[in-house]
Amino acid sequence: MSRDAAIDPRLHFARRQRVLDALGDGVLILPTAPETMRNGDVLHEYRPGSDFHFLTGFPEPEALLVAWRTGAKRHRSVLFVRPRDEEREIWDGRRHGVEGARRRFGVDDAHPVGEMWQRLGSLLDGKERLFHRFGADAEFDRRLFGVFAALARKHRRRAPAAHPILQDPLPTIAELRLVKDAAELAAMHGAARATAAGHLAAMRCTRPGMREYDVQAVLEAEFRRAGSPRNGYPSIVASGENACVLHYHDNDRTMRAGDLLLIDAGAEVAGCTGDVTRTFPVSGRFTEPQAAVYRVVLRAQIAGIRACRAGARWDAAHRTCLRSLTRGLVELGVLRGRVDRLVARDAVKPWYMHGTSHWLGRDVHDVGAYLATGDRPQRLRAGMVLTVEPGLYFAADDRRVPRELRGIGVRIEDDVLVTKSGPEVLTAAAPKTIRDIEAACVR
Ligand code: GLY
Ligand code: MN
Ligand code: MN
């Protein structure tokens with residue numbers, strides 16, 4: 001319970017109000033994430049559900065929020081939580097309990113989670129609309145339909161509907177999460193700072209003969225030191241041609257002089273994560289072919305970041321990077337022909353097969369629509385955060401590319417906040433130019 005200790009009841013009240021105002025009359029039911037078994041008696045490290053944590057700040061598993069609007073700037077909310085339990089707390093750690101939930105989290109009431117099903121009946125009674133995402137937990141949904149059935153029986157003389165009008169609340173919550181509020185921006189800045197510090201520490205420590213996971217340990221230790229209790233996603237520490245595996249996770253190869261090391265890793269702070277990729281030479285200096293590829297990717301990335309302006313299409317960076325990388329592949333002798341034509345036929349695809357950007361926030365691939373009404377691309381607005389992460393990946397056995405490029409994989413990724421006055425690179429403290437990287441890698 002201590003790891004997500006920053007509790008701000010007023011902030012969470014305000015977020016709930018915004019969500020409920022957007023949803024309208026009805027009852028919102030929102031469970032947190034379930035615990036999941038790893039093996040034997042061991043659970044995976046627990047992390048609360050992102051939407052649930054956004055609206056409550058409550059960090060423990062087996063919890064559920066019920067909230068409904070009662071007027072302008074007014075709503076009521078109830079938390080169901082695990083009760084205090086002296087014996088379980090000796091094993092698993094302290095709990096807020098029902099009293100703690102009521103006192104610290106700014107809700108109107110709290111009850112033991114074991115009473116949830118008997119209490120949901122009266123909470124839903126008379127409410128015409130229910131905001132709940134069906135399909136995530138079949139057993140939960142089955143029991144919820146049991147509650148509807150009991151209410152229908154209770155009111156049978158009025159010939160009631162078998163269930164309230166059902167609406168999925170998650171797109172509405174996602175829309176609000178897409179534009180970060182002040183507290184989330186502070187968290188994003190904190191996550192970016194910790195993430196950049198970790199990448200810098202990784203550059204400084206890496207030597208030939210180390211294993212990828214040795215560097216991972218230094219990287220993640222620096223995340224912790226910088227105030228991050230956990231990673232936003234599993235770190236990718238990929239040397240040599242492992243860099244060509246986009247979500248490489250083995251992280252166990254012994255690195256050699258002359259390799260590049262690609263690290264894609266992000267620290268989570270106050271529920272939000274960074275997402276940064278840096279690619280640097282294991283022995284501290286880029287070879288000429290590595291530097292040539294690196295410059296092409298860096299030029300594309302800088303151009304992509306510049307395209308992240310309020311009012312632009314969300315994929316403006318991708319389109320910019322595709323053109324820039326295409327030009328770069330011609331310069332590298334990989335492609336031949338007119339850049340326009342090559343772009344039109346997506347000629348970079350064999351070496352650049354992923355998108356350039358995604359939303360970033362509580363989830364590394366954060367919630368939020370990429371298409372607006374009419375399937376038009378979403379437009380960037382101040383307060384949105386997205387990544388810009390072009391790359392080039394030349395597999396070791398790729399005979400289509402000049403021999404000296406084979407086995408080189410480069411990705412460069414930063415986290416960009418859209419502001420009224422232009423893009424702000426949150427993760428600029430992680431060295432990125434060849435000169436700054438070689439200075440950080442000094443051996
Ligand atoms: N770290 C995963 C990604 O960059 O999308
Ligand atoms: Mn990313
Ligand atoms: Mn990444």
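Keep in mind that the numbers below use all heavy atoms, side chains included, and drop hydrogens, waters and symmetry copies. In this text, all values refer to a predicted model and were calculated from it rather than measured experimentally.
Of the N and O atoms on the side chains of Trp68 and Asp25, not one donor lies less than 3.5 Å from an acceptor on the other residue. Between the side chains of Ser239 and Arg253, at least one donor-acceptor pair of N or O atoms lies under 3.5 Å. A donor and an acceptor atom, one from each side chain of Glu389 and His354, are nowhere located under 3.5 Å apart. In the model, Asn231 has no side-chain atom that pairs as donor or acceptor with a side-chain atom of Glu268 under 3.5 Å. A side-chain N or O of Glu220 and one of Gln216 form a donor-acceptor pair less than 3.5 Å apart. Using a 3.5 Å distance cut-off with no hydrogens or angles, the side chains of Glu212 and Asn242 do pair a donor with an acceptor. Side-chain contact check for Ser50 and Asp363: at least one donor-acceptor pair (N or O, by modelled atom type) lies under 3.5 Å. Side-chain contact of His365 with Asp275: a donor-acceptor pair under 3.5 Å is absent, judged by distance alone. Between the side chains of Thr427 and Asp414, a donor-acceptor pair is found at a separation under 3.5 Å.
When atom types are taken as modelled, the side chain of Arg74 and the backbone of Gly71 share no donor-acceptor pair closer than 3.5 angstrom. When atom types are taken as modelled, the side chain of Ser235 and the backbone of Ala265 share no donor-acceptor pair closer than 3.5 angstrom. Using a distance-only test at 3.5 Å, with no hydrogens or angles considered, no donor-acceptor pair links the side chain of Arg411 to the main chain of Leu392. Side-chain atoms of Thr387 come within 3.5 Å of backbone atoms of His358 as a donor-acceptor pair (strictly under, hydrogens ignored). In this structure, the side chain of Lys127 engages the main chain of Leu123 through a donor-acceptor pair within 3.5 Å. Here the side chain of Ser324 pairs no donor or acceptor atom with the backbone of Thr320 at under 3.5 angstrom. In this structure a side-chain-to-backbone donor-acceptor pair under 3.5 Å is missing from Arg15 to Leu55. Side-chain atoms of Arg102 come within 3.5 Å of backbone atoms of Ala110 as a donor-acceptor pair (strictly under, hydrogens ignored). Although no hydrogens or angles enter the test, the distance criterion places a donor-acceptor pair under 3.5 Å between the side chain of Arg278 and the main chain of Pro431. Checking side-chain atoms of Ser77 against main-chain N and O of Val66 turns up no donor-acceptor pair under 3.5 Å.
Under a 4.0 Å N-O distance rule, the pair Asp92/Arg82 does not qualify as a salt bridge. With respect to Arg323 and Asp340, a salt bridge is recorded, a charged nitrogen being found less than 4.0 Å from a carboxylate O. Salt bridge Asp125/Lys154: present, at least one basic N to carboxylate O contact under 4.0 Å. A salt bridge does not link Asp252 to Arg211: none of the charged side-chain nitrogens sits closer than 4.0 Å to a carboxylate oxygen. A salt bridge does not link Arg88 with Glu60: none of the charged nitrogens is closer than 4.0 Å to a carboxylate oxygen.
A centroid separation of 6.0 Å or more is found between the aromatic rings of Phe80 and Trp117. Checked against the 6.0 Å centroid threshold, His44 and Tyr46 do not count as a close aromatic pair. Between Phe52 and His12, the distance separating the two ring centers is not shorter than 6.0 angstrom.
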Worked verdict on Leu144 versus Leu124 for side chain to side chain contact (heavy atoms under 4.5 Å, CB included): CA-CA 10 Å; Leu144 200 50; Leu124 288 176; 4.1 Å; yes
Criterion side chain to side chain contact (heavy atoms under 4.5 Å, CB included) on Arg129 and Val27, from CA distance to verdict: CA-CA 6 Å; Arg129 196 175 287 265; Val27 183; over 6 Å; no
Chi angles and distances behind the side chain to side chain contact (heavy atoms under 4.5 Å, CB included) call for Gln17, Arg69: CA-CA 7 Å; Gln17 188 70 45; Arg69 191 171 177 272; 4.2 Å; yes
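For the atom pair CG (Leu426) and CG (Leu417), the distance works out to 5.5 Å, reported to the nearest 0.5 Å. Met210 contributes atom CE, which lies 5.5 Å from atom CE of Met255 (distance to the nearest 0.5 angstrom). Separating the CZ atom in Arg47 from the OG1 atom in Thr32 is a distance of 9.5 Å, to the nearest 0.5 Å. Residue Leu360 holds its CG atom at 11.5 Å from CG of Leu178, rounded to the nearest 0.5 Å.
With sequence neighbours excluded, the residues satisfying side-chain contact (heavy atoms from CB on, under 4.5 Å) with Glu222 are Ala197, Ala201, Arg225. Residues forming a ring-ring contact (aromatic ring centres under 6.0 Å, His included) with Phe134 (at least two apart in sequence, or on another chain): His132, Phe145. Taking the ring-ring contact (aromatic ring centres under 6.0 Å, His included) definition, one finds that Phe131 meets it with nothing, sequence neighbours left out. Under the ring-ring contact (aromatic ring centres under 6.0 Å, His included) criterion, Phe280 pairs with no residue, sequence neighbours left out. For Arg309, the side chain to side chain donor-acceptor pair (under 3.5 Å) criterion is met by no residue, not counting sequence neighbours. Residues satisfying the side chain to side chain donor-acceptor pair (under 3.5 Å) test with Arg157, not counting sequence neighbours, are none. Taking Arg84 as the reference, Glu89 meet the side chain to side chain donor-acceptor pair (under 3.5 Å) condition, with sequence neighbours excluded. With sequence neighbours left out, Tyr294 forms a ring-ring contact (aromatic ring centres under 6.0 Å, His included) with Phe286.
Every pair passing ring-ring contact (aromatic ring centres under 6.0 Å, His included) that includes a residue from residues 369-390 is listed here, sequence neighbours excluded: Trp314-Tyr370, Trp359-Tyr370. Among pairs with a residue in residues 344-360, none fulfils salt bridge (charged side-chain N to carboxylate O under 4.0 Å, His left out), at least two apart in sequence or across chains. For residues 216-250, no pair satisfies ring-ring contact (aromatic ring centres under 6.0 Å, His included), with sequence neighbours left out.
Between Phe105 and His96, the two ring planes are perpendicular [angle over 60°; tilted spans 30° to 60°].
By the neighbour-count criterion of 12 heavy atoms within 6.0 Å, atom CD of Glu128 is sparsely surrounded, having that number or fewer from other residues, nucleotides or ligands.
With a 4.5 Å cut-off on side-chain heavy atoms, Ile29 and Leu130 count as touching.
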Scan the side chains in residues 187-194 for donor-acceptor partners under 3.5 Å anywhere in the protein, sequence neighbours excluded, and list what turns up.
from   : atom 1 : to     : atom 2 : distance (Å)
His189 : ND1    : Leu185 : O      : 3.0
His189 : NE2    : Glu424 : OE2    : 3.1

